[in-house]
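Scroll down for the structure; my scribbles are underneath it.
Residue numbers start from 1 in every chain, and the chains themselves are labelled A, B, ... in the order their sequence lines are given, proteins ahead of strands.
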2 protein chains.
Amino acid sequence: MSVSLRPSEALALWHDVTLDLVRDGEHDFSSRQITILLTIYLEQPPHTVRGLAAKLKVTKPVITRALDTMGALDLVTRRRDETDLRNVIIQRTVKGALFVERIGDIIVARAKDLPR
Amino acid sequence: MSVSLRPSEALALWHDVTLDLVRDGEHDFSSRQITILLTIYLEQPPHTVRGLAAKLKVTKPVITRALDTMGALDLVTRRRDETDLRNVIIQRTVKGALFVERIGDIIVARAKDLPR
DNA sequence: CCCAACTATAACGCCTCCGTAACAATCGGA
DNA sequence: TCCGATTGTTACGGAGGCGTTATAGTTGGG
């Protein structure tokens with residue numbers, strides 16, 4: 001199945017959702033940070049710094065810094081890979097799951113209220 | 001009309017679109033900046049610093065700074081309101097319109113490709 | 001004609017992020 | 001057992017955002 005959206009509807013949806021996120025005022029993440037968070041919570045584990053950097057086409061320090069920030073907010077955790085100690089496995093947290101869930105609820109609600 | 005989305009679809013769509021935006025790598029805007037840009041291009045003019053600040057529930061310097069940044073990128077312009085010289089009218093640019101249009105196209109494309 | 005109210009912006013010190021480069025730890029094949 | 005390759009992180013100087021506060025310009029009612 002696919003979702004049918006006209007450009008004006010798509011942009012209105014994007015606008016409404018980001019507006020809600022800004023108004024809530026809890027965090028002001030960049031596109032990079034949001035993408036990293038959603039990738040961790042939506043795609044199949046395991047997630048590594050290297051893997052995320054490749055997927056997003058950014059450098060590894062970008063990932064490290066984002067994980068530092070979101071780790072401090074308890075939205076994400078890191079664990080050493082015991083089978084290869086060079087790797088770091090990025091893991092989900094309850095708080096992060098709730099945050100992502102809330103984003104999903106906002107999108108659904110705004111899509112439902114979309115005029116036209 | 002409204003758009004029917006389940007939470008998992010909504011999040012997948014958000015993930016796919018932000019991923020595209022990050023991969024393109026042209027800009028890395030925050031939620032605030034994106035919201036300001038979309039508000040200017042989607043809502044009825046005129047737009048003022050005060051009005052945007054109220055709508056987004058942020059302080060005026062936040063808006064001024066965002067306009068500085070996006071103005072330097074030619075995504076937005078400022079003009080003095082001739083009927084009340086205290087006001088600044090924020091205006092659209094060709095480059096900004098194309099940028100917003102591209103975001104719309106990405107959302108539509110990703111919605112169409114959405115599995116399930 | 002004042003002057004309080006309102007506009008947007010500038011200034012301040014702080015913090016976070018940037019890209020690049022160097023780094024320590026670890027792995028695995030020769 | 002080396003030693004080159006690979007992992008993630010840290011260090012660096014620079015750029016830009018933050019919230020708060022101060023400021024310059026403008027308005028309009030008394």
Side-chain angles (χ1 to χ4, degrees), chain A residues 18-19 21-40 45-92 99, chain B residues 18 21-40 45-92:
Chain A
T18 54
L19 181 57
L21 291 175
V22 169
R23 277 174 166 162
D24 280 8
E26 199 173 357
H27 309 297
D28 186 35
F29 292 136
S30 67
S31 297
R32 286 178 172 186
Q33 291 171 316
I34 290 285
T35 305
I36 291 170
L37 195 66
L38 290 180
T39 299
I40 294 168
H47 299 289
T48 64
V49 173
R50 177 188 81 275
L52 290 173
K55 175 173 283 283
L56 273 67
K57 292 188 187 172
V58 297
T59 60
K60 289 190 292 178
V62 166
I63 306 295
T64 295
R65 281 188 291 255
L67 295 180
D68 288 343
T69 302
M70 305 187 146
L73 297 171
D74 198 31
L75 297 176
V76 129
T77 314
R78 276 181 275 201
R79 171 172 68 74
R80 242 59 252 162
D81 180 356
E82 296 178 6
T83 72
D84 184 342
L85 292 178
R86 290 173 302 181
N87 292 334
V88 160
I89 305 296
I90 297 128
Q91 294 186 295
R92 304 164 185 173
F99 181 72
Chain B
T18 54
L21 292 174
V22 169
R23 277 176 168 161
D24 280 6
E26 197 172 1
H27 309 297
D28 186 36
F29 293 135
S30 67
S31 298
R32 287 179 172 184
Q33 291 171 315
I34 290 283
T35 305
I36 291 169
L37 194 68
L38 290 179
T39 300
I40 294 168
H47 300 287
T48 64
V49 173
R50 178 186 86 282
L52 290 173
K55 175 172 284 285
L56 275 68
K57 293 189 187 171
V58 297
T59 61
K60 288 190 291 182
V62 165
I63 305 296
T64 295
R65 281 187 291 254
L67 295 179
D68 288 344
T69 302
M70 304 187 146
L73 298 171
D74 197 32
L75 298 176
V76 130
T77 313
R78 275 181 277 200
R79 171 172 67 75
R80 223 76 232 183
D81 180 356
E82 295 178 6
T83 72
D84 185 342
L85 293 178
R86 290 172 302 180
N87 292 335
V88 160
I89 305 295
I90 297 129
Q91 294 186 293
R92 304 165 185 172

| request: Output all residues satisfying side chain to side chain contact (heavy atoms under 4.5 Å, CB included) with P61(B), sequence neighbours left out; order by chain, then residue number. | output: T59(B), R65(B)

| Nearest-neighbour nucleotide for the T48(B) side chain, dG8(D), dT26(C), dA8(C) considered | dA8(C)

| Please give, in whole Å, the distance from dG8(D) P to R78(A) CZ? | 11 Å

| request: Report the distance from atom NZ of K60(B) to atom P of dA10(C), rounded to the nearest whole Å. | output: 13 Å

| task | In whole angstrom, give the distance that lies between atom CD of E82(B) and atom P of dG25(D). | result | 19 Å

| task | Mind listing the closest non-hydrogen atom pair of R80(A) and R86(A) along with its distance? | result | NH2-O, 3.2 Å

| field | Minimum heavy-atom distance R78(A)-T64(A), with the two atoms named | value | NH1-O, 3.9 Å

| For atom NE2 of H47(B) and atom P of dT7(C), their distance in whole Å | 17 Å

| note | Hits for side chain to side chain contact (heavy atoms under 4.5 Å, CB included) against I40(B), two or more places apart or cross-chain, chain-then-number order -> I36(B), H47(B), L52(B), L67(B), V76(B), I90(B), R92(B)

| Min side-chain heavy-atom separation L73(B)-F29(B) under 4.5 Å | yes

| task | With rounding to the nearest 0.5 Å, note down the distance linking CD in Q33(B) to CD1 in I63(B). | result | 10.5 Å

| task | Find the distance between CG (L21(A)) and CD1 (I34(A)) and round it off to the nearest 0.5 Å. | result | 6.5 Å

Give me, pair by pair, the N or O atoms of the protein and of nucleotides 28-30 of chain C that are less than 3.5 Å apart, along with how far apart they are.
none

| task | Could you list the residues that satisfy side chain to side chain contact (heavy atoms under 4.5 Å, CB included) with D81(B), not counting sequence neighbours? | result | T83(B), D84(B), N87(B), I89(B)

| said: What is the separation between atom CZ on R50(B) and atom P on dA5(C), rounded to the nearest whole Å? | reply: 17 Å

Could you go over nucleotides 16-18 of chain D and give all protein N or O partners under 3.5 Å, atom names and distances?
from	atom 1	to	atom 2	distance (Å)
dG17(D)	OP1	Q33(B)	NE2	3.4
dG17(D)	OP1	T69(B)	OG1	2.4
dG17(D)	OP2	T69(B)	OG1	3.2
dC18(D)	OP1	R32(B)	NH1	2.6
dC18(D)	OP2	R65(B)	NE	3.3

| query | So, is T64(B) near the phosphate of dT9(C), with a side-chain N or O under 4.0 Å from OP1 or OP2? | reply | yes

| Any salt bridge (charged side-chain N to carboxylate O under 4.0 Å, His left out) pairs touching residues 23-38 of chain B, not counting sequence neighbours? | D28(A)-R32(B), R32(A)-D28(B), D24(B)-R102(B), E26(B)-R102(B)

| task | In whole angstrom, give the distance that lies between atom CG of D81(B) and atom C1' of dC6(C). | result | 13 Å

| query | In whole angstrom, what separates F29(B)'s CZ from dA15(D)'s C1'? | reply | 15 Å

| request: Starting at atom CG of N87(B), determine the distance to atom P of dA5(C), rounded to an integer number of angstrom. | output: 18 Å

